[in-house]
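Worksheet for the structure shown next.
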Amino acid sequence: MERTLSIIKPDAVAKNVVGKILTRFEDAGLRVATTKKIQLSQADAEAFYAVHKERGFFADLVSFMISGPVVVSVLEGENAMAKNRELMGATNPKDAVAGTIRADFADSIDANAVHGSDSLENAEIEINFFFAQREIF
Ligand code: CMP
C-alpha cells in the first residue's frame, strides 16, 4: 500500500468542488486516510514549495496558494502516487487529458486545482509536512 499527499488548491475550494474531487479519488480505488481544510501562511507555502524557490513562478505560486484555504489529504492505495497523478492530469490544464481533474476544474498553470506528490520520497516528506502520524488512519 502506498500513501501520497493531495492538495485541493484555493481555486477548486472556492469553486465548491472539494467533494467532487475527493469522489474521483475514491472512485479510482484510493482511500482518503485523512483530510483537513487549512489556510496556509506565507511561510508555510514558501517552505512547502522550497524546491521551486529559484523558479520565476515561485512568488506567484506562493501568493496563489495563500489566497484562500486548501484541503490537504493523504490518499492510500495500490500505486497511490502514480494513480493520483494520472487522475490530476498535466500540470498545465491546457495540456491535461479530457476527464482529468485539471482538465475539468483548473483555469491556469497556477490555479490548477490540485497538487500531488511526484515521488514516493516526496510523498513521505509532504505528508509529514502537514500531518502527524496519529492523524492518519
Ligand atoms: P504543483 O503540482 O502544485 O507544483 C508546483 C506548482 O507550480 C505547479 O503545480 C503549478 O501550479 C505551479 N507552476 C507555475 N508555473 C509553472 C511552471 N512553468 N512549471 C511547473 N509548475 C508551475
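First listed ligand is number 1; within each ligand, the first listed atom is number 1. Residues: numbered from 1 along the sequence shown.
- Residue Tyr49 has at least one heavy-atom neighbour below 4.0 Å for each of these atoms of ligand 1: 1 (P), 3 (O), 4 (O), 5 (C).
- Under the 30°/60° scheme for interplanar angles, the aromatic rings of His115 and Tyr49 are found to stand perpendicular.
- Taking every non-hydrogen atom of Thr91 and a distance limit under 4.0 Å, the qualifying atoms of ligand 1 come out as 8 (C), 9 (O), 10 (C), 21 (N).
- Protein heavy atom in closest approach to atom 19 (N) of ligand 1: Phe57 CE2, 3.7 Å.
- Atom 11 (O) of ligand 1 has its closest protein heavy atom at Ile109 O, 2.5 Å.
- Residue contact check for ligand 1: Met65 places no non-hydrogen atom closer than 4.0 Å to it.
- Taking the charged nitrogens against the carboxylate oxygens, Lys20 and Asp27 have no contact shorter than 4.0 Å, which rules out a salt bridge.
- The shortest N/O to N/O separation between His115 and ligand 1 falls below 3.5 Å.
- Glu2 CD to Thr4 OG1: the interatomic distance, rounded to the nearest 0.5 Å, is 7.5 Å.
- When hydrogens are left out, the protein atom nearest atom 14 (C) of ligand 1 is Asp110 OD1, 3.2 Å; that is the closest non-hydrogen contact.
- Residues Asp104 and Arg24 are paired through a salt bridge, judged by an N-O separation under 4.0 Å between the basic side chain and the carboxylate.
- The shortest distance between side-chain heavy atoms of Val32 and Val74 does not fall below 4.5 Å.
- Counting atoms of ligand 1 from 1 in the listed order, those under 4.0 Å from a heavy atom of Arg102 are 2 (O).
- The shortest separation from a heavy atom of Phe64 to ligand 1 is not under 4.0 Å, leaving the residue out of contact.
- Exactly one residue among Leu5, Leu87, Asn84, Thr35 makes a side-chain contact (heavy atoms from CB on, under 4.5 Å) with Leu75. That residue is Asn84.
- Note that NZ of Lys9 and CE of Met65 are 5.0 Å apart. Values are rounded to the nearest 0.5 Å.
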